[in-house]
*Asks:* 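After the structure tokens below, expect a handful of questions from me.
Start at 1 with the first residue, then count along the sequence. Because the structure is predicted, anything quoted here is derived from the model rather than measured.
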Amino acid sequence: EANLRTIEGAIMMHQASVAVPATTAAALQTALVPAFLAVWPGGPDGTTYQVIGEGTLTAPYRAQATRVGEHVWWTAVAATISIPVDWTP
């Protein structure tokens, strides 16, 4: 949960502070380290983190955690699953 919030904060800082924001989720993820995050976070139990979305109002960039084929995300814009993250199926 803390990693998701940290990535979300970095996304918001990037979008607000650079002259030309990243135009894809992959480019944004690359741009966040080391300018906004010292290192890309890793999680326990094989959890990985990604930036997803299209950078639009209807599909904003957001952080996603993936573990064992499950996807859980948190975003300040449109929370589909709220914090705390519940990994139960």
*Asks:* Kindly give the heavy-atom pair with the smallest separation between Gly42 and Asn3, and that separation in Å.
*Replies:*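 Result for this residue pair: O-ND2, 3.3 Å.
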*Asks:* Report the distance from atom CE of Met13 to atom CD of Glu8, rounding to the nearest 0.5 Å.
*Replies:*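 One gets 13.5 Å once the value is rounded to the nearest 0.5 Å.
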*Asks:* Which pair of heavy atoms, one from Gln50 and one from Thr48, lies closest together, and at what distance?
*Replies:*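 Looking at all heavy atoms of both residues, the shortest contact is NE2-OG1, 2.8 Å.
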*Asks:* Kindly indicate whether the side chain of Pro21, heavy atoms from C-beta on, has any atom under 4.5 Å from the side chain of Tyr61.
*Replies:*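 In short, these two side chains do not touch, never coming nearer than 4.5 Å.
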*Asks:* Give every donor-acceptor pair under 3.5 Å between a side-chain atom in residues 22-32 and any protein atom, sequence neighbours left out.
*Replies:*
from: Thr24; atom 1: OG1; to: Ala27; atom 2: N; distance (Å): 3.0
from: Gln29; atom 1: OE1; to: Val51; atom 2: N; distance (Å): 3.1
from: Thr30; atom 1: OG1; to: Ala26; atom 2: O; distance (Å): 3.1

*Asks:* Are the side chains of Tyr49 and Thr6 in touch, meaning some heavy atoms are under 4.5 Å apart?
*Replies:*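 No, their side chains stay 4.5 Å or more apart.
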